[in-house]
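Here the structure is a predicted model, which means the values were calculated and not measured.
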Amino acid sequence: MTWVRDDRADWQILDVTGRDPADSTSARHWVQDRIAAFGEEHRIDTLLVAGELLENAYQHAGGPAQVRLRLRHEPCEITVAVADTAGGVPRLRVPDDGGGRGLVLVDQLCSSWGVSHHDDGKLVWGRVGCAGTGFACPDRHDAGS
């Protein structure tokens, strides 16, 4: 994905090269390691969102190109994003035997989510908010930002 140099400042980025869905395990561990200081509820929600976005990239886009994380403290939120090189627009749909549950889950867990398109693909992202949940946002130093 194309980045303007300043856009990268608050993001942690993992380049993903594998096209096999089994490769998502290392990406999930990478996310888990970076959000370890957040409350359990936020870690679980973030890992579920990351897993769904990764799965969608493998299933519908030939695999992810990057996983990105932004940990913010004002307001307290975790943004997880998965970049791929495919076009298309992920859409919410009524779940059935063929699937459709992933984005419904992302929609329920995230305070917001969306898609941004670029010349070399798209970025699907979701924000897990910490504010108002009863769990304190970790100190900047503890959260790895």
Side-chain angles (χ1 to χ4, degrees), residues 1-3 7-73 75-131 133-145:
M1 300 300 298
T2 305
W3 284 88
D7 290 344
R8 297 181 81 125
D10 351 348
W11 289 89
Q12 298 178 51
I13 303 162
L14 173 68
D15 290 320
V16 181
T17 56
R19 297 293 176 229
D20 182 340
D23 295 330
S24 71
T25 301
S26 60
R28 291 173 203 234
H29 285 285
W30 180 85
V31 171
Q32 185 173 355
D33 290 346
R34 273 138 194 86
I35 62 172
F38 283 81
E40 182 178 6
E41 177 181 307
H42 308 116
R43 289 192 319 267
I44 290 169
D45 289 352
T46 302
L47 288 171
L48 285 169
V49 169
E52 291 300 333
L53 296 181
L54 283 162
E55 178 65 28
N56 282 349
Y58 283 111
Q59 187 172 5
H60 303 291
Q66 287 183 337
V67 178
R68 302 175 185 179
L69 278 176
R70 183 171 60 193
L71 311 176
R72 302 202 57 183
H73 301 273
C76 185
E77 66 185 13
I78 304 167
T79 303
V80 59
V82 174
D84 63 55
T85 57
V89 179
R91 296 184 193 276
L92 282 173
R93 63 185 177 109
V94 176
D96 58 25
D97 290 339
R101 290 169 185 79
L103 280 182
V104 171
L105 182 63
V106 169
D107 187 59
Q108 292 296 309
L109 293 176
C110 292
S111 56
S112 60
W113 69 275
V115 182
S116 58
H117 292 274
H118 306 277
D119 290 342
D120 52 353
K122 68 181 174 298
L123 184 72
V124 185
W125 55 270
R127 284 192 189 105
V128 177
C130 309
T133 63
F135 290 90
C137 188
D139 292 335
R140 289 180 192 274
H141 176 66
D142 292 340
S145 331

Q66 CD to L14 CG distance, which is reported to the nearest 0.5 Å: 8.5 Å
T85/D120 under side-chain contact (heavy atoms from CB on, under 4.5 Å): CA gap, chis, key distance, verdict: CA-CA 6 Å; T85 57; D120 52 353; 5.5 Å; no
Rounded distance [0.5 Å steps], OG1 in T46 versus CZ in F38: 7.5 Å
Partner set under side chain to side chain contact (heavy atoms under 4.5 Å, CB included) for L92, not counting sequence neighbours: L103, V104, D107, W113
Rounded distance (nearest 0.5 Å) linking atom CZ of R70 with atom CZ of R68: 11.0 Å
Inter-residue atom distance D45.CG - E40.CD, 0.5 Å rounding: 10.0 Å
Separation of H29 NE2 from R34 CZ (nearest 0.5 Å): 12.5 Å
Separation between OG1 of T17 and CZ of R19, rounded to the nearest 0.5 Å: 7.5 Å
Got a list of side-chain donor-acceptor pairs under 3.5 Å for residues 49-63, not counting sequence neighbours?
none

Between R127 and S111: side-chain donor-acceptor atoms closer than 3.5 Å: no
Nearest heavy atoms of W11 and T79, plus distance in Å: CH2-CG2, 3.6 Å
Nearest non-hydrogen partners of I78 and H42, listed with the distance: CD1-CB, 4.2 Å
Nearest atoms (heavy-atom pairs only) where I13 meets W30: C-CZ2, 3.6 Å
